[in-house]
Amino acid sequence: MNPQPWNEEQLIRRVTDENAKKGPHIEVGIGDDCAVVVPQSKDLLLCSDMLVEHTHFETSYFRASDIGFKSVVVNLSDIAAMGGIPKYVLCAVSGPKNFPIDEVLEGVQMACYTYNADLVGGDISRSTEIVVTISVVGTSNNLVPMLRSKAAPGDSIVITGPTGRSSAGLRSLSKKGQRPEHPSEVELAHLRPKARVTAGRVAAEFGTKAAIDISDGLALDLHRVADASGVGFQLERVPFVSPATAEDALFGGEDYELLLFHPDGELLVEMLEEVLEGTRATVIGKVVEDPTTRDLQGEPLLKRGYLH
């Protein structure tokens, strides 16, 4: 890879040209001091997250485009957890002189295209380490957003897919020390995860009140919902597939599957069947009234995962 040096004007021109056909509700896109959009909903969903070199990724096994793609997806996953629709993306990138920022933007644009969002602005700068910060504006489209604080006793706990794949993928990539030409399924789960936007939307339309995306580990994020809602839980199973382990599945993080809390979990699973790609939702337990009961197959489940 021989990165071409880019300045801000060149990158703005390139991204503006590629985004010439902007969404119908964008009056002013990239290239001015601010983007101008026409709100389509009384409720806007706003989130922001960053990926930092040596904390969230290593360039030995992440391509620049992988970094850009994943940076967007981790934000879109938050929109998905609220049952929202992502609309607009802002991207700020900093990195060393010879780092291919243009390839990061290619990954950002690919993620935006995949999830039907518009890249409307951002910034670039020079730094000793690579940092990508993404902000996303979404809309509830007049549905009630799903919240961590709305889980209720009697709710089924539904997960949109097996966990632990990203953790297993990270272990494999770290061992190899480089990105293989054809990454395995678990390696791709770490490099280019999926945001369950459509599943979140279907769940919200079906009346799901509570949800969270699994970014810091199933156990920790489940405890977060229990804390916010003042309830307990009893888990019966944790779906995972080899080479992931039970440890990966419970505590590994960065899976970006959704945990959904609904009174009729089995019917919700049926509703999700048509929209989940390459996976299947599963009822893994139930919510109980006693907030001190937080068990996996009768044994206390530790509140452990990735702490920032």
Side-chain angles (χ1 to χ4, degrees), residues 15 19 22-23 25-26 29-30 35 37 39-41 43-52 56-57 62 65-93 104-122 131-141 143 145-148 159-161 163 165-166 169 188-205 208 211-216 221 253-260 272 275-279 281 306 308:
V15 175
N19 283 25
K22 51 185 184 287
H25 302 280
I26 302 174
I30 296 170
V37 301
Q40 303 163 63
S41 169
D43 293 323
L44 294 179
L45 307 176
L46 311 175
C47 64
S48 185
D49 211 336
M50 67 175 67
L51 264 65
V52 180
H56 300 100
F57 63 87
F62 265 83
S65 58
D66 295 330
I67 299 167
F69 189 94
K70 185 171 182 175
S71 296
V72 174
V73 167
V74 301
N75 282 273
L76 299 185
S77 184
D78 288 331
I79 300 291
M82 306 290 281
I85 302 170
K87 301 300 294 184
Y88 313 115
V89 174
L90 295 164
C91 172
V93 186
V104 174
L105 292 177
E106 287 176 6
V108 168
Q109 289 177 291
M110 177 57 71
C112 289
Y113 175 80
T114 301
Y115 292 95
N116 199 29
D118 286 296
L119 178 62
V120 297
V131 180
V132 182
T133 302
I134 300 290
S135 297
V136 176
V137 178
T139 174
S140 67
N141 205 26
L143 285 180
M146 300 183 292
L147 303 177
R148 299 180 184 186
I159 193 169
T160 55
T163 53
R165 289 184 291 188
S166 179
L188 277 176
H190 185 72
L191 295 167
R192 295 201 172 211
K194 295 179 179 179
R196 301 297 185 186
V197 174
T198 306
R201 191 66 185 167
V202 168
E205 290 173 345
T208 305
I212 191 172
D213 73 316
I214 303 172
S215 55
D216 296 327
D221 287 325
E254 291 202 321
D255 288 299
Y256 303 107
E257 299 292 348
L258 298 180
L259 280 176
L260 305 163
L272 294 171
V275 301
L276 288 172
E277 298 178 4
T279 186
Y306 181 77
H308 297 265

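Positions are given from 1 along the sequence.
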Test item: Thr160 side-chain N/O and Ala281 main-chain N/O as donor-acceptor pair under 3.5 Å: no
On a heavy-atom basis, the closest approach of Ala203 and Leu272 is N-CD2, 4.5 Å
So do the side chains of Cys91 and Leu105 get within less than 4.5 Å of each other, counting heavy atoms only? yes
If you take all heavy atoms of Ala117 and Val89, which pair is closest and at what distance? CB-CG2, 4.0 Å
Tell me if a side-chain donor or acceptor on Asn75 pairs with a main-chain N or O of Asp49 at a distance below 3.5 Å. yes
Taking all non-hydrogen atoms of both residues into account, name the closest pair between Val37 and Ile26 and its distance. CG1-CG1, 4.1 Å
So salt bridge (charged side-chain N to carboxylate O under 4.0 Å, His left out) across residues 65-91, not counting sequence neighbours, yields Asp66-Arg179, Asp66-Arg192, Lys70-Glu254
Between Ala81 and Asp213, what is the shortest heavy-atom contact and its length? CB-N, 3.6 Å
Would you confirm whether Ser77, through its side chain, and Val73, through its main-chain N or O, come within 3.5 Å as a donor-acceptor pair? no
Taking every heavy atom of Ile67 against every heavy atom of Leu51, the minimum-distance pair comes out as O-CD2, 4.3 Å
Measuring from atom CG of Asn141 to atom CG of Asp43, what distance do you get when rounded to the nearest 0.5 angstrom? 10.0 Å
Under the side-chain contact (heavy atoms from CB on, under 4.5 Å) rule, collect the residues that match up with Val137, sequence neighbours excluded. Leu44, Leu46, Tyr88
Atom pair CE/OG1 of Met146 and Thr208 - distance to nearest 0.5 Å: 6.0 Å
To the nearest 0.5 angstrom, please state how far the CD1 atom of Ile159 sits from the CG atom of Asp255. 7.5 Å
Output side-chain donor-acceptor pairs under 3.5 Å for residues 194-202, partner residues at least two apart or in another chain, one line each.
from	atom 1	to	atom 2	distance (Å)
Arg196	NE	Glu257	OE1	3.0
Arg196	NH2	Glu257	OE2	3.1
Arg201	NH1	Gly83	O	2.8
Arg201	NH1	Ser140	O	2.8
Arg201	NH2	Ser140	O	3.3

Checking side chain to side chain contact (heavy atoms under 4.5 Å, CB included) for the pair Ser71/Val108: CA distance, chi angles, key distance, verdict? CA-CA 7 Å; Ser71 296; Val108 168; 5.5 Å; no
Side chain to side chain contact (heavy atoms under 4.5 Å, CB included) assessment of His56 paired with Val132: CA-CA 10 Å; His56 300 100; Val132 182; over 6 Å; no
Nearest heavy-atom approach of Arg165 to Ala189 is CB-CB, 3.9 Å
Only one of Tyr256, Phe62, Phe69 clears ring-ring contact (aromatic ring centres under 6.0 Å, His included) with His190; which? Phe62
Just verifying a value: how many Å separate Ile134 CD1 and Cys112 SG, rounded to the nearest 0.5 Å? 7.5 Å
How long is the gap from OG1 on Thr133 to CG on Leu90, to the nearest 0.5 Å? 11.0 Å
Return the OG to CG distance between Ser166 and Leu188, rounded to the nearest 0.5 Å. 11.0 Å
